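Everything on this sheet refers to the single structure shown next.
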Amino acid sequence: MNNDSLFINIGFNNIVNISRVLAVISPDTLPSKRLIQECRETKKVIDATCGRKTRAVIVLDSGHIVLCGLSADTIYARLNVKPQNDNNT
């Protein structure tokens, strides 16, 4: 694994590699519902909701989507947090 990989917690002890995320969208729109259905048919859905309501859909560069129980705004905020540099060297 590359040491430059950064991960974010998407809730319920699930993490995603930041470099693989293309978009974070709301699941309530008709286009996103179509996307979810198409990905279900092709077995490209990763359900990380742990049985809760889907509040965000994360689109990955591999063509997979991740259904998330956290809101799109929360995921967006976590993606935009800059990592802290370790100045011990």
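Note that these values count all heavy atoms, side chains included, but never hydrogens, waters or copies made by symmetry. Bear in mind the structure is a predicted one, so any value in this text is a computation, not a measurement.
- Minimum interatomic distance between Phe12 and Ala48 (heavy atoms only, all atoms of both residues): CD1-O, 3.8 Å.
- The only member of Leu70, Thr49, Asp28 that meets side-chain contact (heavy atoms from CB on, under 4.5 Å) when paired with Thr54 is Thr49.
- Side-chain contact between Val45 and Leu67 is present, with at least one heavy-atom pair separated by less than 4.5 Å.
- The distance from the CZ atom of Arg20 to the CG atom of Asp61 is 4.0 Å, given to the nearest 0.5 Å.
- In this structure, Asn14 contributes its side chain and Gly11 its backbone to a donor-acceptor pair below 3.5 Å.
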With side chain to side chain contact (heavy atoms under 4.5 Å, CB included) as the criterion, how do Leu35 and Ile25 come out once you've worked through the C-alpha distance, each side chain's angles and the decisive distance to 0.1 Å?
CA-CA 11 Å; Leu35 176 65; Ile25 59 175; 4.1 Å; yes
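- The shortest distance between side-chain heavy atoms of Lys33 and Pro27 does not fall below 4.5 Å.
- The OG atom of Ser32 sits 12.0 Å away from atom CD of Gln37, with the distance rounded to the nearest 0.5 Å.
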Kindly indicate, with the supporting measurements, whether the criterion side chain to side chain contact (heavy atoms under 4.5 Å, CB included) is fulfilled by Val66 and Val57.
CA-CA 6 Å; Val66 180; Val57 178; over 6 Å; no
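- For the residue pair Ser71 and Ala56, the shortest heavy atom distance occurs at C-CB, 3.9 Å.
- Distance check: Thr74 OG1 to Ile8 CD1 gives 10.5 Å after rounding to the nearest 0.5 Å.
- Considering only heavy atoms from C-beta on, Val59 stays 4.5 Å or farther from Val21 through its side chain.
- Tyr76 and Ile58 are members of different hydrophobic clusters when ILVMFWY side chains are connected at heavy-atom separations under 4.5 Å.
- If you check the side chains of Thr29 and Ser26, you find no donor sitting under 3.5 Å from an acceptor.
- There is a side-chain donor-acceptor pair under 3.5 Å between Asn17 and Ser19.
- Put simply, Ile18 and Ile46 are part of the same group of oily side chains (I, L, V, M, F, W, Y) that touch within less than 4.5 Å, one to the next.
- Contact annotation: the side chain of Asn13 never approaches that of Cys50 to less than 4.5 Å [non-hydrogen atoms, C-beta and beyond].
- Rounding to the nearest 0.5 Å gives a distance of 11.5 Å between NZ of Lys44 and CD of Glu38.
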Determine whether Cys68 and Arg55 satisfy the following criterion, side chain to side chain contact (heavy atoms under 4.5 Å, CB included), listing intermediate values before the conclusion.
CA-CA 6 Å; Cys68 180; Arg55 294 200 164 108; over 6 Å; no
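- Residues Leu6 and Val16 fall within the same hydrophobic cluster, defined by Ile, Leu, Val, Met, Phe, Trp and Tyr side chains chained together at heavy-atom separations under 4.5 Å.
- You'll find the side chain of Arg78 reaches within 4.5 Å of the side chain of Asn9, heavy atoms only.
- When side chains are defined from C-beta on, Val24 counts as touching Leu79, because their heavy atoms get closer than 4.5 Å.
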